Asks: 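To start, I am sharing the structure in question, which I have written as structure tokens.
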Amino acid sequence: MTTLKNDRFLRALLREPVDTTPIWVMRQAGRYLPEYRATRARAGSFMDLCKSPELACEVTLQPLERFALDAAILFSDILTVPDAMGLGLYFEEGEGPRFQQAIRSAADIDRLGVPDPEGELKYVMDAVRVIRRELAGRVPLIGFSGSPWTLATYMVEGGSSKEFAHIKGMLYDEPALLHKLLGVIADSVTQYLNAQIAAGAQAAMIFDTWGGALAPEAYREFSLAYMGRVVDGLTREAEGRRVPVILFTKGGGQWLEEMAATGCDALGLDWTTNIGDARRRVGDRVALQGNLDPAVLYARPERIRDQVAKVLADYGQGSGHVFNLGHGIHQHIDPDHVTALVDAVHELGRPYHA
């Protein structure tokens with residue numbers, strides 16, 4: 001077992017004392033970095049990049065070479081699970097992810113199996129192992145998955161969607177069919193995340209990108225319930241310490257109390273919820289992660305610093321805050337602005353932990 005040189009991210013998730021507020025950035029390994037674009041070009045395609053453990057490790061570590069981040073996150077994609085179910089993931093230029101087969105019937109669901117994390121998804125586990133080795137205890141490694149509902153939206157729609165016509169049609173017209181699909185996905189996500197933890201991931205995050213597209217009752221029944229099922233099934237201790245679990249529903253600010261009741265350790269917040277209000281609502285039940293508007297990074301460094309100060313002040317004194325953006329970093333951000341962000345969080349965060 002490698003001793004962590006910097007564990008403030010894990011400590012903050014467990015609301016333990018830290019010297020300053022830790023920070024990592026969603027999509028921190030990505031297109032805003034010229035070195036990422038070079039590696040992506042060398043890989044040949046996005047999926048070839050994801051499926052090469054060595055290249056996935058390379059791009060995972062690239063932001064850590066530039067910025068004093070407090071965590072690394074596995075470079076992968078949320079759609080690796082449905083791809084491993086045999087749906088044929090591919091990427092259309094300008095249109096995003098697509099599947100060769102969409103799930104529209106009971107027969108389609110019956111053909112789905114729970115993929116073997118050390119079989120069809122072994123390339124992800126190999127990437128986790130390589131990244132942990134190369135990190136050598138520098139910072140913790142975050143593993144992740146899409147939520148069952150979010151994965152189901154892509155699987156039923158056949159790709160990205162703005163209206164969610166097919167899956168919402170299934171939700172309201174054939175709810176039992178959708179529950180059957182979500183059950184298979186939840187089992188797959190649970191096994192997938194547990195395999196990442198066994199391979200060396202030290203925290204796990206569930207990305208519910210499309211939960212905020214649901215009406216309140218539908219969110220509880222078709223998104224939150226299945227995230228809770230995944231949380232219940234996760235390995236929560238490895239290498240002698242707790243493995244924290246973070247839930248993030250984009251647009252989910254109205255459901256924070258219910259999300260906290262799942263037994264997760266932390267909630268991710270987008271920028272539409274004030275983090276101080278969120279803290280008052282959930283109390284000391286969970287840590288909070290977030291939640292600077294990613295567009296702030298288009299501003300000058302001094303303006304970035306001002307906005308960092310506001311988020312830190314809104315959260316207030318004490319541990320339990322992991323600074324992050326409220327969603328993924330935009331591809332046209334100047335990397336120097338990320339340096340300004342990270343440095344401001346570490347400097348301005350210290351007085352809140354005195």
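Note that the structure is predicted; figures quoted are calculated from it, not measured.
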Asks: Look at Asp343 together with Arg305 and state whether they make a salt bridge at an N to O cut-off of under 4.0 Å.
Replies: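 No, no charged N to carboxylate O under 4.0 Å.
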
Asks: Is a salt bridge present between Arg279 and Asp314, judged by a nitrogen-to-oxygen distance below 4.0 Å?
Replies: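 No, no charged N to carboxylate O under 4.0 Å.
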
Asks: If you take all heavy atoms of Ala72 and Gln28, which pair is closest and at what distance?
Replies: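 That would be CA-NE2, 3.8 Å.
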
Asks: Is it true that a side-chain atom of Glu237 and a backbone atom of Val243 form a donor plus acceptor pair closer than 3.5 Å?
Replies: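 Not at all, since once roles are kept as given, no pair shorter than 3.5 Å links the two residues.
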
Asks: Test ring pair (Phe, Tyr, Trp, His ring centres under 6.0 Å) on Tyr298 and His337 and set out the steps.
Replies: CA-CA 8 Å; Tyr298 290 115; His337 289 199; 8.6 Å; no

Asks: Can you tell me if Asn6 uses its side chain to pair, donor with acceptor, with the backbone of Arg138 under 3.5 Å?
Replies: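 Flag not set: sc Asn6 to bb Arg138 has no pair under 3.5 Å.
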
Asks: Is it true that a side-chain atom of Gln317 and a backbone atom of Pro351 form a donor plus acceptor pair closer than 3.5 Å?
Replies: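 At least one qualifying donor-acceptor pair exists.
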
Asks: Can a salt bridge be assigned to the pair Arg129 and Glu118 using a cut-off of 4.0 Å between side-chain N and carboxylate O?
Replies: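 A salt bridge is present here (some side-chain N lies under 4.0 Å from a carboxylate O).
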
Asks: Kindly determine whether Thr339 and Asp336 satisfy side-chain hydrogen bond (donor to acceptor under 3.5 Å, both in side chains), including the steps that lead there.
Replies: CA-CA 5 Å; Thr339 301; Asp336 288 344; 4.8 Å; no

Asks: Examine distances only and state if a side-chain atom of Lys51 and a backbone atom of Val124 form a donor-acceptor pair shorter than 3.5 Å.
Replies: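 Looks like no, no N/O pair under 3.5 Å.
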
Asks: So does Arg132 pair up with Glu239, basic N to acidic O under 4.0 Å?
Replies: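 The answer is yes: the pair qualifies as a salt bridge.
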
Asks: Do Ser105 and Asp108 meet the criterion of a side-chain donor-acceptor pair at a distance under 3.5 Å?
Replies: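 There is such a pair between these side chains.
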
Asks: Dump the intermediate steps for salt bridge (charged side-chain N to carboxylate O under 4.0 Å, His left out) on Arg15 and Asp265, then the final yes or no.
Replies: CA-CA 9 Å; Arg15 305 183 309 284; Asp265 298 283; 5.9 Å; no

Asks: Can a donor-acceptor pair be found, under 3.5 Å and without considering hydrogens, that links the side chain of Asn291 to the backbone of Asn274?
Replies: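 Checked: no pair found.
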
Asks: Going through the checks in order, is the side-chain hydrogen bond (donor to acceptor under 3.5 Å, both in side chains) test met by Thr153 and Thr150?
Replies: CA-CA 5 Å; Thr153 65; Thr150 291; 5.4 Å; no

Asks: Treating Ser188 as the side-chain partner and Val184 as the backbone partner, does any N or O pair qualify as donor plus acceptor under 3.5 Å?
Replies: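 Confirmed, Ser188 side chain pairs with Val184 backbone.
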
Asks: Please walk me through it: do Tyr226 and Trp149 pass ring pair (Phe, Tyr, Trp, His ring centres under 6.0 Å)?
Replies: CA-CA 8 Å; Tyr226 287 94; Trp149 163 256; 9.8 Å; no

Asks: Quiz question: by atom type and distance under 3.5 Å, do the side chains of Tyr154 and Trp210 form a donor-acceptor pair?
Replies: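 Side-chain D/A pair, Tyr154 to Trp210: present.
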
Asks: Are Phe323 and Tyr352 co-members of a hydrophobic cluster defined by side-chain heavy atoms under 4.5 Å apart?
Replies: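 Yes: a chain of side-chain contacts under 4.5 Å links Tyr352 to Phe323.
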
Asks: Do you know which two heavy atoms are closest between Leu267 and Val282, and how far apart they sit?
Replies: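 That closest heavy-atom pairing would be CD1-CG1, 4.2 Å.
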
Asks: Would Gln62 and Thr39 count as having a side-chain donor-acceptor pair, cut-off 3.5 Å?
Replies: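 A donor-acceptor contact under 3.5 Å links the two side chains.
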
Asks: Judged by atom type as modelled, is there a donor-acceptor pair below 3.5 Å linking the side chain of Glu120 to the main-chain atoms of Asp116?
Replies: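 Confirmed, Glu120 side chain pairs with Asp116 backbone.
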
Asks: Relative to each other, are the rings of Phe222 and His179 parallel, tilted or perpendicular (30° and 60° limits)?
Replies: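 Rings of Phe222 and His179: parallel, as their planes differ by under 30°.
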
Asks: Quick one: does His353's side chain get under 4.5 Å of Asp19's, heavy atoms only?
Replies: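 SC-SC contact between His353 and Asp19 ruled out.
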
Asks: Does a salt bridge link Lys250 with Asp270, judged by any charged N lying under 4.0 Å from a carboxylate O?
Replies: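 Salt bridge absent between Lys250 and Asp270.
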
Asks: Pro63 and Tyr32: which non-hydrogen atoms are nearest, and at how many Å?
Replies: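 Heavy atoms of Pro63 and Tyr32 come nearest at CB-OH, 4.3 Å.
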
Asks: How far apart are the C-alpha atoms of Arg42 and Glu58, what are their side-chain angles, what is the distance that settles it, and do they pass the salt bridge (charged side-chain N to carboxylate O under 4.0 Å, His left out) test?
Replies: CA-CA 12 Å; Arg42 200 166 81 244; Glu58 183 178 313; 2.8 Å; yes

Asks: Quick check: closest heavy atoms across Leu141 and Leu74, and the distance to 0.1 Å?
Replies: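 What the structure gives for the nearest pair is CD1-N, 3.6 Å.
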
Asks: Can Asp293 and His327 be counted as having a side-chain donor-acceptor contact under 3.5 angstrom?
Replies: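 Side-chain D/A pair, Asp293 to His327: absent.
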
Asks: So, does Asp173 use its side chain to make a donor-acceptor pair with the main chain of Met170 at under 3.5 Å?
Replies: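 No, because the side chain of Asp173 does not come within donor-acceptor range (under 3.5 Å) of the backbone of Met170.
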
Asks: Between CG of Asn324 and CD1 of Ile23, what distance do you get to the nearest 0.5 Å?
Replies: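 Output value for this atom pair is 7.0 Å.
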
Asks: Pair Lys122, Asp126 - check salt bridge (charged side-chain N to carboxylate O under 4.0 Å, His left out), show working.
Replies: CA-CA 6 Å; Lys122 186 173 184 294; Asp126 286 344; 2.9 Å; yes

Asks: Do Leu55 and Val59 sit in the same hydrophobic cluster, where Ile, Leu, Val, Met, Phe, Trp and Tyr count as joined when their side-chain heavy atoms come under 4.5 Å apart?
Replies: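 In one cluster with Leu55: Val59, yes.
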
Asks: Tell me whether Trp271 is reachable from Met205 by hopping between hydrophobic residues (I, L, V, M, F, W, Y) whose side-chain heavy atoms are closer than 4.5 Å.
Replies: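 The answer is no; the residues belong to distinct hydrophobic clusters.
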
Asks: Specify the closest pair of heavy atoms between Val345 and Pro22, including all atoms of both residues, with the distance to one decimal.
Replies: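 Taking every non-hydrogen atom into account, CG1-O, 4.5 Å.
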
Asks: Going by salt bridge (charged side-chain N to carboxylate O under 4.0 Å, His left out), Glu257 matches just one of Arg220, Arg281, Arg285, Arg280. Which one?
Replies: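 Output: one option passes, namely Arg281.
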
Asks: Look at the side chain of Ser223 and the backbone N and O of Gly211, then say whether any donor-acceptor pair between them is shorter than 3.5 Å.
Replies: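 No; zero donor-acceptor contacts below 3.5 Å.
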
Asks: Just checking, any donor-acceptor pair under 3.5 angstrom between side chains of Ser52 and Tyr123?
Replies: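 On atom types as modelled, these side chains do not qualify, holding no pair under 3.5 Å.
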
